[in-house]
Amino acid sequence: MIDLKLAQKQPEFLSTALADRQCDLNVTDFLALDARRRKLLAEVESLKNKLNTASADVARQKREGQSITEAQTRLGELSSTIKELDVQTAEANDAVETWLLRVPNIPHSSVPVGRDETANTEAHRFGIPRAFDFDPKKHGELGGALGGLDFKRAARMTGSRFVVTLGWAAHLERALVNFFLDIHTQNNGYTETGVPYMVNRAAVIGTGQLPKFEEDLFRLRDRDYYLVPTAEVPLTNLHAAEVLDEEYLPLAYCAATPCFRSEAGNAGKDTHGLIRMHQFTKIELVRFAHPDDSMNQLELMCGHASRLLELLGLPYRVITLCTGDMGFSAAKTYDIEVWMPAQRTYREISSCSNCTDFQARRANIRCKPKGGKAVFAHTLNGSGLPVGRALAAILENYQQKDGGVRLPKALVPYMDGMECIEPV
RNA sequence: GGAGGGAUAGCGAAGUUGGCCGUAACGCGCUCGUCUCGAAAACGAGUUACCGGUUAAUAACCGGUACGUGGGUUCAAAUCCCACUCCCUCCGCCA
């Protein structure tokens, strides 16, 4: 959530920022809503002042043994007037709140302005895509042929966009989870965390997926619980409603969880293989930072995520998303894209964002120096990395002419010494 | 699922015959001061957040709201009533 004061005091700035983000909310209309809210508030507050003062008089009169029946009837009317006005004020408050909850974060000044992904800029690049002396296969075909990925049986027991992994593929998923977590906990200082895979509505509002993106989430029928679309939700909400001691910042957490996404708006997009599943496993990184330090923390975290690809020997590039392409809660986002030989293109494998105080304001996460005043902390999140997409990238980049797949050296110890997935 | 207890500031905790009890007793923490070469200890003072008005001001001032959440009763609710959430203890069931 953005700061209400920003809308009140710099409406033109906000309008421009929203336009840059391809968001069509109207700030002028909002200011009218807010003006109405303030007018009602001023009115009802002065009546409440009257009632409070009069009630204190009643208390005094009663103590002195005077009759209070006249005052009671008179104040009864005032009291019910206040009740009616209170209802209107609450409605006006809701209108303001509802609007604010649908406003995306303000882009950071370093973010390129543009309407869609064509305005994204490349920050840097690692590795040289391997030259193949044969036609590289798509990971879905490879994985299927090697007996590791079974989309058909998953579809039978559940539906489309689910997968069953078997044998080496299931082992490789487990290896990747352990490898990623080990690097983050041992080299990068993250605290490994086990979190609920279902969260309540307040948590999902806190990170910004709600109220705007209800259709992307799986919700339980009989409880107000949602399946986590990413561990960003439980990890960021870890410190919801807390005041963090500034000297302990930054705080860094990682968690491997399944992620559940209905992908309602993406029917037919990127349907091949493991790329866009309803359920996938991902290791998520979340950091809580001091406002002055959060942009540095973003660079750091993005480095943590991309380092994994280097360790796996996978070529990638880092893209700075432009204003029109960023997610709702982000002030700045780097996408890391891994080389996918079968499509001869880089595909998103990680998204690292600084959400500044946007989520912190929604989830009420503050930080405070010793003896000082609390301010909203900054929250950051990044994928480090999704297991399915990493597995897909390994299959495609390390495939051999005979249909087998060599394994990256870093994973061999995690695969009980297996160096190669032999063709069947 | 059943029975009982609980939720009050950054933390602990007092307050339930309704009314100067919310800038919320008391304690811890934190800030400032005294003492000290310095520190600790001791002593003294200070320290809720948010919203609205006013304002150049996120200063001062005035007002409002908040005692888990949402309702209700009342001139007036931390206090009485109803529903719900979470935590603790015990019982039952269970991986």
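Below, chains carry the letters A, B, ... as their sequence lines are ordered, and counting in each starts from 1. Just so you know, these numbers come straight off a predicted model, no measurement behind them.
Within 4.0 Å (heavy atoms only), A/Asn52 reaches sugar-phosphate atoms of the nucleic acid but no base atom. Residue contacts for A/Leu78: at a heavy-atom cut-off of 4.0 Å it reaches no nucleic acid atom on any strand shown.
Between A/Asp86 and A/Lys83, no side-chain nitrogen of the basic residue sits less than 4.0 Å from a carboxylate oxygen of the acidic one, so the salt-bridge criterion is not met. Between A/Lys48 and A/Glu45 no salt bridge is recorded (no basic side-chain N to carboxylate O distance below 4.0 Å). The pair A/Glu214-A/Arg201 counts as a salt bridge, with a side-chain nitrogen and a carboxylate oxygen less than 4.0 angstrom apart.
Closest to the side chain of A/Asn49, out of B/G64, B/A76, B/C86, is B/G64.
Between A/Ser79 and the phosphate of B/U74, there is no side-chain N or O to OP1/OP2 separation shorter than 4.0 Å.
A donor-acceptor pair is defined here as one N or O able to donate and one able to accept, closer than 3.5 Å; no such pair exists between the side chain of A/Arg287 and the backbone of A/Ala252.
Atom NZ of A/Lys409 is surrounded by 12 or fewer heavy atoms from other residues, nucleotides or ligands within 6.0 Å.
Remark: B/C94 base-pairs with no nucleotide; criterion is Watson-Crick or G-U wobble with both hydrogen-bond distances under 3.5 Å. For B/C80, the paired nucleotide is B/G72, the pair qualifying as Watson-Crick or G-U wobble because both relevant distances are below 3.5 Å. Across all strands shown, B/A60 forms no Watson-Crick or G-U wobble pair with both distances under 3.5 Å. Within the shown strands, nothing qualifies as a pairing partner of B/A39 under the Watson-Crick or G-U definition with both distances less than 3.5 Å. Pairing for B/C28 is with B/G10, a Watson-Crick or G-U wobble pair whose two hydrogen-bonding atom distances lie under 3.5 Å. Across all strands shown, B/U17 forms no Watson-Crick or G-U wobble pair with both key distances under 3.5 Å.
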Polar atom pairs (N or O), protein with nucleotides 18-20 of chain B, under 3.5 Å:
| from | atom 1 | to | atom 2 | distance (Å) |
| --- | --- | --- | --- | --- |
| B/G19 | O6 | A/Lys62 | NZ | 3.3 |
| B/G19 | N2 | A/Ser55 | O | 2.9 |

What's touching nucleotides 49-55 of chain B from the protein side, N or O pairs under 3.5 Å?
| from | atom 1 | to | atom 2 | distance (Å) |
| --- | --- | --- | --- | --- |
| B/C51 | O3' | A/Arg37 | NH2 | 3.0 |
| B/G52 | OP1 | A/Arg37 | NH2 | 3.1 |

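Applying the side chain to side chain contact (heavy atoms under 4.5 Å, CB included) test between A/Met326 and each of A/Ser351, A/Ser353, A/Pro107 identifies A/Pro107 as the sole match.
Put simply, CG on A/Asp86 is 14 Å from C1' on B/G71, counting in whole angstrom units. Whole-Å rounding puts the A/Lys83 NZ to B/U65 P distance at 13 Å. Taking atom CD of A/Glu247 as the reference point, atom P of B/G10 lies 18 Å away to the nearest angstrom. Rounding to whole angstrom units, CG of residue A/Leu51 and P of B/A76 are separated by 6 Å. Rounded to a whole Å, the CD atom of A/Gln10 is 18 Å from the P atom of B/A56. Across the protein-nucleic acid pair, A/Ile82 atom CD1 and B/G63 atom C1' stand 13 Å apart, rounded to whole Å.
The cationic atom of A/Arg261 (NZ for Lys, CZ for Arg) does not lie both less than 6.0 Å from the six-membered ring centre of A/Phe280 and within 45° of the ring axis.
Both A/Lys368 and A/Glu77 lie close to RNA chain B; mapped to their nearest nucleotides by heavy-atom distance, the more 5′-ward contact belongs to A/Lys368.
Between A/Gln8 atom CD and A/Asp34 atom CG the span is 4.5 Å, to the nearest 0.5 Å.
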Show which side-chain atoms of residues 357-366 of chain A pair as donor or acceptor with protein atoms under 3.5 Å away, not counting sequence neighbours.
| from | atom 1 | to | atom 2 | distance (Å) |
| --- | --- | --- | --- | --- |
| A/Asp357 | OD2 | A/Arg361 | NH2 | 3.0 |
| A/Gln359 | OE1 | A/Thr379 | OG1 | 2.7 |
| A/Gln359 | NE2 | A/Thr207 | O | 2.9 |
| A/Gln359 | NE2 | A/Glu232 | OE2 | 2.8 |
| A/Arg361 | NH1 | A/Met1 | O | 2.8 |
| A/Arg362 | NH1 | A/Ile205 | O | 2.7 |
| A/Arg362 | NH1 | A/Leu210 | O | 3.1 |
| A/Arg362 | NH2 | A/Leu101 | O | 2.4 |
| A/Asn364 | OD1 | A/Arg366 | NE | 3.4 |

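With hydrogens and angles left out, the side-chain atoms of A/Thr118 and A/Asp116 include a donor and acceptor closer than 3.5 Å.
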